[in-house]
There are 2 protein chains.
Amino acid sequence: MADINFSTAAAQPDSPGTDVSAPGPRTGDLRWDIIELLFFAYRDFVGDADQELEAFGFGRAHHRVMHFVTRYPGLKVADLLDVLRITKQSLGRVLKQLLDEGYILQKTGSNDRRQRLLYATAKGEALVAKLAGLQTDRINRAVAGLDPGGVETVRAFLRAMIDRDDPDKVLETIFGGAAKKTRE
Amino acid sequence: MADINFSTAAAQPDSPGTDVSAPGPRTGDLRWDIIELLFFAYRDFVGDADQELEAFGFGRAHHRVMHFVTRYPGLKVADLLDVLRITKQSLGRVLKQLLDEGYILQKTGSNDRRQRLLYATAKGEALVAKLAGLQTDRINRAVAGLDPGGVETVRAFLRAMIDRDDPDKVLETIFGGAAKKTRE
DNA sequence: AATTTATGTCAGCCATATTGACGTATCTTG
DNA sequence: CAAGATACGTCAATATGGCTGACATAAATT
């Protein structure tokens, strides 16, 4: 996924077309500005990491895996699949590479010995920290110009943009009890 | 693109390449929460469109192209390449499909007849509007819970997250003169 | 003992991105 | 005007990261 996606709107029905969809009343009430700002903001946000990743021969898929494993040590493979919303096979390739190259290590679950709990190695953590640093710098720059309390507004907005039905384990952590309040 | 990507921290140019696990100074000052919220918010945001697109046999690439062509009628192929940050070859395939299926039409530039100016047909506009409607709904829901003025804070944040060096034509429009103030 | 679950893996397909090379029409410039 | 630069299209080959289906194994559950 990751990708981008958003959309456009309005359109006067002048040209020939086949009326693709229900005409829909909407015409001027669309959030074009925010839709586009989200696109560009996210594009540049992930762009920070992309460059660095190249140096390691990794792609975004590796970053996503590394990030969540680092942040939520002991994550099960199944949890990771829920979070990333990809298939076991897709994850397999990436995960194997990260294991082979020493960025992640597996431990057999103590309760359920079928589980492979995932942990980042120091090497893995360093990579994740480096990438998060770049993105944190961008966020700090963006937040610096806001009114006091602005960061909380941004958090509230982003949280409210997320689907809450059937949350994965990570989202439960984020929304559930452990709110992980960071500074500000 | 579009994908997800975010990252983690620290690390300065300790050692080039090798010493991946340099401890790096950063440890507690990273914006983990916002990094993750951006990931999930964007994942669900683009997810809205993904489902609809399937019904048309289109992917995200098609959506991105349709969106910008609809929003910025008369966009040149070169402009689109700048905005999407993909290569001519990648755009080619998607664009050809959209042209063949009647979602977009080309007009030869009047000043410079080498240019192919792109316009969405009514059919194309309808598709884009439908997708923007879904995303607008999500944004409206998210914004509903904010303090008054919250939307402006969100806009300011997103704008500040975007790289301003060497902006493409669309960004110039967004940031430059035509600020396109939408409601609120 | 039978079944279900958690994980891994093989094989192949698809979408979307890449680079490099080349062709053609058209604009710009010496 | 001739030469070169530009805008666009396209062919060919390749990579990444998704997907489905099928199957294997070990461990938990019933």
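So that the names make sense, note that chain A is the first sequence line, chain B the second, and so on, each numbered from 1.
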Between the CZ atom in B:Arg93 and the NE2 atom in B:His62, the distance rounded to the nearest 0.5 Å is 8.0 Å

Output for pair (B:Gln51 CD, B:Leu131 CG), nearest 0.5 Å, gives 11.5 Å

Separation of C:dG8 atom P from A:Ile104 atom CD1, nearest Å, is 11 Å

By nearest-nucleotide position on DNA chain D, the 5'-leaning member of B:Leu99 and A:Arg114 is B:Leu99

Whole-Å distance, A:Lys76 NZ to D:dA26 P, equals 21 Å

Geometric class of the B:Phe68/A:Phe40 ring pair [parallel <30°, tilted 30-60°, perpendicular >60°] | tilted

Closest of D:dC8, D:dG17, D:dA27 to the B:Val77 side chain is D:dC8

**Side chain to side chain, B:Phe157 and A:Phe157, heavy atoms closer than 4.5 Å** = no

(Q) Please determine whether a side-chain nitrogen of the Lys or Arg among B:Asp33 and A:Arg155 lies less than 4.0 Å from a carboxylate oxygen of the Asp or Glu. (A) yes

note: A:Lys96, atom NZ; D:dG17, atom P; distance rounded to Å ~ 16 Å

note: B:Leu117, atom CG; D:dG9, atom P; distance rounded to Å ~ 11 Å

One should read off an interatomic distance between A:Asp147 CG and B:Glu152 CD, to the nearest 0.5 angstrom, of 10.0 Å

- Would you classify A:Gln106 as touching base, sugar-phosphate or nothing, given that sugar-phosphate means primed atoms plus P, OP1 and OP2, and contacts are heavy atoms under 4.0 Å? sugar-phosphate

- So what does A:Asn111 hit on the nucleic acid, given a heavy-atom distance under 4.0 Å: a base, only sugar-phosphate, or nothing? sugar-phosphate

Please answer whether the main-chain N or O of B:Gly102 pairs with a side-chain N or O of B:Thr121 as donor and acceptor at a distance below 3.5 Å. yes

In whole angstroms, the gap separating P of C:dA17 from CZ of B:Arg60 amounts to 10 Å

To the nearest angstrom, the CG-C1' distance between A:Leu81 and D:dC19 comes to 13 Å

Picking from C:dT16, C:dT18, C:dT7, the nucleotide nearest the side-chain atoms of B:Arg64 would be C:dT16

Contact check, residues 87-95 of chain A vs DNA chain D, heavy-atom distance under 4.0 Å, returns A:Thr87, A:Gln89, A:Ser90, A:Arg93

A:Arg113 atom CZ is separated from C:dA6 atom C1', nearest whole Å, by 13 Å

Between B:Gln97 and A:Asp79, whichever has its closest DNA chain C nucleotide further toward 5' is A:Asp79

Against the side chain of B:Ile86, the closest entry in C:dA17, C:dT26, D:dC8 is C:dA17

A:Arg116 atom CZ is separated from D:dA27 atom P, nearest whole Å, by 8 Å

